[in-house]
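All chains are named by letter (A, B, ...) in the order of the sequence lines, taking the proteins before the strands, and each is independently numbered beginning at 1. All values derive from a computational prediction rather than experimental measurement.
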There are 2 protein chains.
Amino acid sequence: MRLTPDEMRMRFRERGLKMTPQRAAIYQALAGTVSHPTAEDLHRHVRRQHPMISPNTVYYTLGVLREAGLVHEVNYWHDRSRFDANITPHHHLVCLGCRSIQDLTDEALDRLSVSGRLKGGFEVTGHRVEFHGYCSTCCRAGRHLSRPDHRRHR
Amino acid sequence: MRLTPDEMRMRFRERGLKMTPQRAAIYQALAGTVSHPTAEDLHRHVRRQHPMISPNTVYYTLGVLREAGLVHEVNYWHDRSRFDANITPHHHLVCLGCRSIQDLTDEALDRLSVSGRLKGGFEVTGHRVEFHGYCSTCCRAGRHLSRPDHRRHR
DNA sequence: TCCTTGTTAGGATTGATTCCTATATAGCAC
DNA sequence: GTGCTATATAGGAATCAATCCTAACAAGGA
């Protein structure tokens, strides 16, 4: 969803982050989509407002936002990194056909825990569930019937 | 676990794969560990028996084995790809300190399904659960107290 | 307004992975 | 076994997302 300048300023302040026009644009772009864009996608988008912004700044900013907990990074199926400004607990539906990622909210999944004997005292801090399959578009296109080539497409 | 030559030959045959000494060594190495090695780890290991084997062959072979369903690829936290010859249903414990990956077998987790309204007819073919936290070694080292730098270590 | 520290742009670099291609070999038919 | 064909291998070149380096710049506090 779209954030007011004040709302955004507060979120940055709370975490001790400096606010710059570039950062605002990157975070706003990410908060305004549900499509889990790549760094490159974001750079392309933000460049409309900031023609001189470098990819480097996008990478650096995403790193800062990630460490501050303002964005999450997902990286399923060895695609390049994708980012998500939705930091409420949720899970993902990953399409094996077009590699799109949809959010999935499901409280039962949020409550999972390791029932078994934890081997050697592993201390769990969180979890996430990823369902994979084929989105409606890929189903209609029959893409769930064909096997992708074993060579990767970049 | 260690495979007999016949067992391995059968698995390859069933899937229409040619058997070569290099492939046997790579698959044997992967089947003989629980450590989810990288392609480079496997190359280093296999090179003891096959000094001339190229990284390329390891990548190519892992791609073939992956498409044949003989190995799984996991790639959490934007580390490089890691491989797993355990293709029975299981989940993973990912250490945020040292990035090690442990298998987790838990039938309750295998039976998860999407309870909510599936947005737009997504057809689920599988799922996996990833718990993250800190392994016992990293806990003892106090690594769960410090925050990793936001810059990535390769 | 000044200062300090973190941020930006841009260019160079890294490094896992893939591409290209000539040679070698597995598996099949005879 | 011998020969044939399709596929695998080795090695070198190329790709490209991501990171490193650095000089100029600007946000936020004093």
Side-chain angles (χ1 to χ4, degrees), chain A residues 5 8-27 37-44 46-47 49-68 73-83 99 148-154, chain B residues 5 8-27 37-44 46-47 49-68 73-83 99 148-154:
Chain A
M8 181 146 47
R9 188 166 290 277
M10 200 175 76
R11 292 197 191 176
F12 276 64
R13 250 208 133 84
E14 286 172 349
R15 293 157 219 251
L17 304 179
K18 280 191 188 172
M19 170 70 97
T20 69
Q22 292 91 334
R23 289 185 172 187
I26 292 166
Y27 185 56
T38 64
E40 191 194 346
D41 293 334
L42 289 167
H43 180 241
R44 200 162 31 236
V46 168
R47 190 136 58 155
Q49 314 300 325
H50 297 271
M52 302 306 290
I53 195 170
S54 76
N56 202 345
T57 299
V58 177
Y59 282 114
Y60 182 85
T61 300
L62 288 170
V64 170
L65 296 178
R66 170 165 39 78
E67 289 317 301
E73 182 174 350
V74 296
N75 182 238
Y76 297 122
W77 303 108
H78 195 255
D79 207 336
R80 64 191 90 169
S81 288
R82 290 157 173 273
F83 296 87
R99 313 216 163 186
D149 183 43
H150 84 269
R151 294 216 165 270
R152 227 61 119 310
H153 25 295
R154 290 220 183 171
Chain B
M8 181 147 48
R9 188 166 290 277
M10 200 174 75
R11 292 197 192 177
F12 277 63
R13 250 208 133 84
E14 284 171 351
R15 292 156 221 251
L17 304 179
K18 279 192 190 173
M19 169 70 97
T20 69
Q22 291 93 333
R23 288 183 172 188
I26 292 166
Y27 185 56
T38 64
E40 191 193 347
D41 293 333
L42 288 166
H43 180 241
R44 201 164 29 239
V46 168
R47 190 138 56 156
Q49 313 301 324
H50 297 271
M52 300 308 288
I53 195 170
S54 76
N56 202 344
T57 299
V58 177
Y59 282 111
Y60 182 85
T61 300
L62 287 170
V64 169
L65 295 178
R66 170 163 41 76
E67 289 316 300
E73 181 174 352
V74 296
N75 181 238
Y76 296 122
W77 305 108
H78 194 257
D79 205 338
R80 65 191 90 170
S81 289
R82 291 157 172 276
F83 296 87
R99 313 215 162 189
D149 183 43
H150 83 270
R151 295 216 165 269
R152 227 62 120 304
H153 24 295
R154 290 222 180 170

Protein-nucleotide distance ([X], atom [atom1]; [N], atom [atom2]), rounded to Å:
{"X": "B/Arg80", "N": "C/dT14", "atom1": "CZ", "atom2": "C1'", "value": "12 Å"}
{"X": "A/Ile53", "N": "C/dG11", "atom1": "CD1", "atom2": "P", "value": "16 Å"}
{"X": "B/Leu62", "N": "C/dT17", "atom1": "CG", "atom2": "P", "value": "10 Å"}
{"X": "A/Glu67", "N": "D/dT19", "atom1": "CD", "atom2": "C1'", "value": "15 Å"}
{"X": "B/Leu42", "N": "D/dT9", "atom1": "CG", "atom2": "C1'", "value": "17 Å"}
{"X": "A/Asn56", "N": "C/dG6", "atom1": "CG", "atom2": "P", "value": "17 Å"}
{"X": "A/Glu73", "N": "D/dA17", "atom1": "CD", "atom2": "C1'", "value": "12 Å"}
{"X": "A/Asp41", "N": "D/dA17", "atom1": "CG", "atom2": "P", "value": "11 Å"}

So does B/Arg13 have more than 12 non-hydrogen atoms from other groups sitting under 6.0 Å from CZ?
-> no

For the residue pair [X] and [Y], what are the closest heavy atoms and their distance?
{"X": "B/Ala39", "Y": "B/Tyr59", "value": "CB-CE2, 3.5 Å"}
{"X": "B/Glu73", "Y": "B/Ser81", "value": "OE2-OG, 2.6 Å"}
{"X": "B/Tyr27", "Y": "B/Met8", "value": "CD2-SD, 3.5 Å"}
{"X": "B/Leu42", "Y": "B/Ile26", "value": "CD2-O, 4.4 Å"}

Does OP1 or OP2 of [N] have a side-chain N or O of [X] closer than 4.0 Å?
{"X": "A/Ser81", "N": "D/dA18", "result": "yes"}
{"X": "B/Tyr59", "N": "C/dT17", "result": "yes"}
{"X": "A/Thr57", "N": "C/dT8", "result": "no"}
{"X": "A/Thr38", "N": "D/dA17", "result": "no"}

Mapping A/Thr61 and B/Glu40 to their closest nucleotides on DNA chain C, which lands nearer the 5' end?
-> A/Thr61

Rounding to 0.5 Å, atoms CD1 (B/Ile53) and CZ (B/Arg44) come to a distance of 14.0 Å

Rounded to the nearest 0.5 Å, what separation is found between the CG atom of A/Leu62 and the CZ atom of A/Arg82?
-> 13.5 Å

Report the end-to-end axis angle of the helix from C/dT1-D/dA30 to C/dC30-D/dG1; each axis comes from five terminal pairs, and the value is rounded to 10°.
-> 50°

Give, ordered by number, those residues of residues 13-25 of chain B having at least one heavy-atom distance below 4.0 Å to an atom of DNA chain D; if nothing qualifies, reply none.
-> B/Lys18, B/Thr20, B/Gln22, B/Arg23

Distance-only, no hydrogens or angles: does the B/His43 side chain make a donor-acceptor pair with backbone N or O of B/Thr57 under 3.5 Å?
-> no

Give a yes or no answer on whether the side chain of A/Arg9 reaches the backbone of A/Met19 with a donor-acceptor pair at less than 3.5 Å.
-> no

